[in-house]
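Notes follow once the structure below has been shown.
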Amino acid sequence: MWQWFYKLGSPRHFYDMTTAFLPWLYGITFFLLIVGLVWGLGFAPPDYQMGDNYRIIYIHVPSASIAIGGYVMMACMAAMHMIWKIKMADIVAKVTAPVGGMFCALCLFSGSFWGKPTWGTYWIWDARITSTLILLFIYVGVAALRSAYDSESSGAKAASVLTLVGVVNLPIIRYSVDWWNTLHQSASNLSLRVEGTNPPEIWIPAFFMGFALFGIFLLAVILRSRNEILVREKRTQWVQDLLDRDVQEGLQRA
Amino acid sequence: MMFAATNLFCERDERVLFSHLDFSIAAGEVLQVQGANGSGKTTLLRILCGLNPDYSGEISWAGQDVQNIRETFNRHMFYLGHSPAINKTLTPLQNLRWYCASHGFSDDAAIFMALAELGLVGYENIPCYQMSAGQQRRVSLARLLLAQAQLWILDEPFTALDKQGVTELEGRIAAKAKAGGAIILTTHHALQLNCPVRVINLDTLIGAAK
Amino acid sequence: MMFAATNLFCERDERVLFSHLDFSIAAGEVLQVQGANGSGKTTLLRILCGLNPDYSGEISWAGQDVQNIRETFNRHMFYLGHSPAINKTLTPLQNLRWYCASHGFSDDAAIFMALAELGLVGYENIPCYQMSAGQQRRVSLARLLLAQAQLWILDEPFTALDKQGVTELEGRIAAKAKAGGAIILTTHHALQLNCPVRVINLDTLIGAAK
Amino acid sequence: MKSQRRTLNTTACLCAGLQRELLLALRSPGNTINPLMFFIIAVSLFPLGGGADTAYLSSIAPGVIWVTALLAVMLSMESLFRSDYEDGSLEQLLLSPQPLYFQLLAKVFGHWLVTGLPLVLLTPLLGLMLSLPVAGYMPLMLGLLLGTPTLNLIGAIGMALTVGLSRSGLLLAVLVLPLSIPVLVFGAGVVDAALNGLPVAGLLAVLGAILALALSLAPLAIGAALRISVN
Amino acid sequence: MKSQRRTLNTTACLCAGLQRELLLALRSPGNTINPLMFFIIAVSLFPLGGGADTAYLSSIAPGVIWVTALLAVMLSMESLFRSDYEDGSLEQLLLSPQPLYFQLLAKVFGHWLVTGLPLVLLTPLLGLMLSLPVAGYMPLMLGLLLGTPTLNLIGAIGMALTVGLSRSGLLLAVLVLPLSIPVLVFGAGVVDAALNGLPVAGLLAVLGAILALALSLAPLAIGAALRISVN
Ligand code: HEM
Ligand SMILES: Nc1ncnc2c1ncn2[C@@H]1O[C@H](COP(=O)(O)OP(=O)(O)OP(=O)(O)O)[C@@H](O)[C@H]1O
Ligand SMILES: Nc1ncnc2c1ncn2[C@@H]1O[C@H](COP(=O)(O)OP(=O)(O)OP(=O)(O)O)[C@@H](O)[C@H]1O
Ligand SMILES: [Mg+2]
Ligand SMILES: [Mg+2]
């Protein structure tokens with residue numbers, strides 16, 4: 001177990017392991033996505049209150065969870081980078097910032113496009129919505145801070161510090177609905193938590209879509225990490241060998 | 001042997017500044033780091049004093065890795081960089097008082113004496129921005145007399161000083177070495193110390209590394 | 001006679017820096033302003049080039065008071081101060097392009113040649129803060145080669161340069177003088193020009209004034 | 001490579017100055033985005049602090065947007081002369097043979113292009129967030145379009161006066177903020193007038209006149225202030 | 001004169017650091033007075049911009065005062081490490097043998113004393129301008145008293161992260177404002193609760209808890225950030 005973690009911490013082993021793992025991830029994600037989309041959009045019945053609008057939930061809720069979960073992951077990576085100076089952790093943290101930010105933006109967009117038919121407005125200063133916006137700002141801030149430094153290592157450390165400081169926002173998003181009188185959620189009686197009130201035809205495809213989006217998130221993070229590994233380790237022997245091999249294969253195919 | 005660096009390596013922007021750099025300096029020694037502009041002298045000195053963590057290799061003080069004994073090491077080390085570390089809106093007296101306090105002591109009499117020795121009598125209470133480049137440098141150098149550090153790390157300490165100032169500082173460095181201190185310094189001017197000076201030349205080192 | 005100062009007087013904070021200062025400098029001459037730290041060299045040079053208006057006396061260029069011909073004078077004068085006038089986030093190329101444009105011309109080839117002559121080949125397009133103190137100074141000095149000024153006013157131009165840099169700059173100054181330029185400079189290092197140097201010592205002047 | 005010196009006319013020189021400002025902004029792309037981010041975030045604070053009631057928000061919208069715009073502009077001014085002063089470029093600017101008036105104008109205009117203009121273009125989004133009534137958008141943007149360059153010029157005077165020494169920093173507050181109040185009052189007034197169905201042309205004309213005044217006089221003041229500061 | 005070296009304990013060293021902050025504020029009053037002026041002027045702009053109707057003003061008062069206080073604090077942070085970074089004092093601070101944690105705490109506390117505290121003391125005046133109901137004064141001031149030090153600490157983290165960046169400009173705002181929103185929400189909440197006759201002790205306790213958290217963790221983050229910045 002520890003051995004495995006240790007290996008994952010080395011860029012080279014991470015690269016090798018994900019090479020084996022990637023095709024599976026592609027396959028599963030694709031499968032879930034197709035099933036979720038076809039079922040959710042084609043077969044699930046319209047909601048008695050919101051008609052077909054509710055289908056946005058298939059994007060909205062997973063992207064919200066991923067935006068938050070992605071931040072948690074980024075923060076863990078930042079902590080690992082700060083404490084144990086694990087290079088791989090920093091690589092993952094670096095590539096997570098823009099990906100997580102994208103999902104956060106996706107949540108905001110899907111939410112506000114949902115808000116128009118349900119609440120009658122695109123934007124409302126509701127606690128959860130606001131704190132999601134703040135999360136987006138923090139994602140942007142972390143990425144911007146890193147890129148503002150020229151030295152890779154300084155940027156990495158600075159971004160780690162900011163990521164850890166930004167963790168305080170997470171409980172706010174989670175509990176904001178309790179602290180604040182809020183429009184979000186209360187306007188809709190459709191909630192995943194109370195599965196009993198909704199027919200399984202609605203929430204099962206939601207699970208499929210949830211895992212599919214999570215798969216996409218993982219794919220994005222892993223692919224970008226691999227890219228980053230190659231850039232950072234470009235002068236090591238194994239990357240050179242890898243590139244040589246790719247070139248050879250390309251030549252043979254041509 | 002009090003201060004040693006083993007197998008130091010540093011690169012900046014994919015250019016190796018130095019590698020396999022080993023040296024040690026003991027009480028009473030003066031070590032001059034030489035090299036052309038951009039050869040990495042400042043970078044080396046900042047690594048040694050702990051301001052730059054982007055290196056590999058080991059730096060030890062009294063046999064212990066400096067990273068583990070940061071505060072002790074800071075107590076025994078004095079660093080003078082390219083920038084004077086003098087707040088220009090404050091007076092020399094105020095600047096030096098803060099310096100002393102941040103090293104855990106207070107001694108106004110010593111501050112006045114140090115300023116006097118550097119030829120700044122009458123300037124104790126005027127804000128530093130009203131001083132010439134050389135005078136500001138002298139305020140910065142006054143800390144040398146206040147610090148009770150064993151190891152001095154000086155990056156181009158002679159900048160902006162007039163001839164007399166240079167001679168006096170050279171005297172101070174030699175005296176420090178004789179009194180059992182250790183000094184690592186860089187300078188582009190021809191040092192004239194009446195004590196032995198060891199030299200590390202980063203240019204030739206790079207040649208070897210490349 | 002091209003540039004002259006008559007009966008210059010300046011005091012700062014009730015302390016007279018110089019008074020009754022007269023000198024003139026003609027094509028082909030080098031004038032070194034000497035003095036201890038704080039004697040007023042920088043102040044004098046800034047007065048001469050027009051950055052400091054707190055003086056009395058007269059400064060004339062080609063027989064005319066400089067205050068009346070500011071723009072013409074600026075066109076013929078080059079000033080290098082304590083600070084490098086180099087924006088650290090820009091690259092040397094961008095810095096020098098702006099300098100050229102603000103002097104009414106554009107000439108990329110000359111900029112590349114100037115940078116090459118100062119040993120900065122390969123550094124044309126990296127931001128200046130990534131350079132060492134001496135390299136930044138060299139970017140600043142590259143303007144000397146671009147400016148087509150007759151009068152150079154240089155305040156401690158040798159700061160931060162390594163030995164080779166100092167020798168080269170001395171050569172450039174001597175060449176300028178031989179080519180009919182006029183140079184006023186200050187430095188604390190022992191000048192070695194192979195052309196005659198006139199000296200004004202502000203310390204002895206002050207002695208006289210006091 | 002042979003040196004080929006090409007003489008530039010004044011316009012070309014000004015363009016070079018402008019180009020330098022834009023380059024400086026480009027060198028750290030955050031600098032163009034950050035004032036906007038600040039603008040957005042600061043505006044978003046008001047609903048958080050005061051309550052999210054739509055009627056309340058649309059009542060404070062014009063004032064809030066104008067105040068934050070002023071603040072964003074003033075904060076962005078901080079960088080206008082600071083680095084030039086510290087590295088000595090300012091001295092070289094003052095010693096350059098090109099007319100200082102136009103060089104300073106180019107500098108401030110370049111600064112406005114990268115900070116002020118995007119801010120104006122971003123305003124509709126913030127109007128949306130603060131539930132600004134539809135009738136308010138055009139007047140708000142026109143007002144900001146005429147007002148932000150003035151704020152830039154006024155801020156530049158303040159910066160020029162204070163860049164030399166922190167001891168004179170008092171001037172920035174005493175001089176700049178009161179000077180920019182007329183712009184703010186007229187700017188917010190334009191939106192209020194529009195929301196109440198009153199004509200806005202007159203108020204906009206006043207903003208334009210203030211801008212014209214600032215354009216013609218501020219560079220002189222900035223130049224004089226800079227000469228004092230570098231001394 | 002004979003040298004009499006007196007060893008200082010940690011507290012005395014911290015006092016010296018505090019004293020230096022106060023001295024700096026005294027030497028360059030602009031740094032401390034600008035934020036206050038901004039506070040006053042921005043707040044007094046709302047009657048100008050939105051209309052002087054008392055009911056309207058008192059309804060926006062808590063939010064406006066808190067938001068402008070937050071912005072003023074952030075504005076004041078700009079000067080916290082800037083000059084120390086530029087003249088190299090920051091390097092000396094990091095190399096000093098005294099515990100960095102406490103030195104930074106002293107520095108931020110000193111900064112709060114000269115910028116945050118006057119701001120709190122100034123608040124009643126602004127409450128008066130905005131016709132804040134009498135019941136709101138105490139909760140507003142108590143909230144600010146507990147909230148501004150937190151804002152200072154958060155701002156110091158942002159400043160420490162960006163001080164080494166050339167022309168960092170407003171990156172600070174982007175980093176720091178999102179983090180300070182909880183303080184704002186609770187702070188404005190305290191006043192709202194008081195005006196509605198609800199108990200405020202719980203909300204104040206939350207502000208106090210946030211402050212305690214910031215006091216214990218922020219100096220660590222600031223120190224780590226500064227070490228990155230001087231490199
Ligand atoms: C821009 C607007 C919106 C934003 C930023 C937003 C954000 C969020 C966030 C952060 C979550 C929490 C996910 C989690 O805790 O794991 C969430 C969940 C949810 N949102 Fe939204 N939302 C928005 C608009 C809407 C709208 C208009 C509706 C429906 C009318 C809606 C319905 C839901 C539902 C049903 C959940 C799942 C709740 C749960 O599982 O507890 N949201 N949204
Ligand atoms: N901004 C200022 N305000 C008031 N007095 C000043 C100011 N700058 C310098 N002085 C005073 O003017 C005198 C001359 O300063 P100046 O900078 O001209 O000296 P310098 O000869 O160039 O010295 P150095 O060799 O140290 O560069 C000094 O005594 C200094 O105290
Ligand atoms: N902040 C930085 N980022 C990236 N590279 C840098 C940075 N600072 C310096 N360098 C590079 O590191 C090299 C060494 O710089 P350093 O300042 O150590 O030189 P130095 O020997 O002190 O030169 P000098 O005699 O000019 O002071 C230079 O080639 C420079 O280009
Ligand atoms: Mg150096
Ligand atoms: Mg001088």
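None of the values given here were measured: they were computed from a predicted structure.
With a 4.5 angstrom heavy-atom cutoff, B/Tyr99 touches chain E only via side-chain atoms. Using a 4.5 Å cut-off between heavy atoms, E/Gln19 makes no contact with chain B at all. With a threshold of 4.5 angstrom between heavy atoms, E/Ser83 approaches chain B through side-chain atoms but not through N, CA, C or O.
Under a cut-off of 6.0 angstrom, the local environment of NZ in B/Lys88 is sparse, with at most 12 non-hydrogen atoms contributed by other residues, nucleotides or ligands. Remark: B/His20 NE2 is loosely packed, at most 12 non-hydrogen atoms of other residues, nucleotides or ligands lying under 6.0 Å away.
Residues of residues 88-104 of chain E that come closer than 4.5 Å to chain B, counting heavy atoms only, are E/Gly88, E/Ser89, E/Glu91, E/Gln92, E/Leu93, E/Leu94, E/Leu95, E/Ser96, E/Pro97, E/Gln98, E/Pro99, E/Gln103, ordered by residue number. Along residues 46-57 of chain B, the residues that come nearer than 4.5 angstrom to chain E, judged on non-hydrogen atoms, are B/Arg46, B/Cys49, B/Leu51, B/Asn52, B/Pro53, B/Asp54 in order of number. Using a 4.5 Å cut-off between non-hydrogen atoms, no part of residues 215-224 of chain E approaches chain B. At a heavy-atom cut-off of under 4.5 Å, chain E is reached by B/Arg143, B/Leu146, B/Gln148 from residues 140-170 of chain B, listed in order of number.
Atom CH2 of B/Trp98 and atom CD of E/Glu21 lie 9.0 Å apart (nearest 0.5 Å). Here the OG1 atom belonging to B/Thr89 is positioned 9.0 Å from the CG atom belonging to E/Asp87, to the nearest 0.5 angstrom.
Side-chain contact between E/Arg20 and B/Asn87 is present, with at least one heavy-atom pair separated by less than 4.5 Å.
Contact count versus chain E (heavy atoms, under 4.5 Å) is highest, among B/Ile86, B/Asn95, B/Ile111, for B/Ile86.
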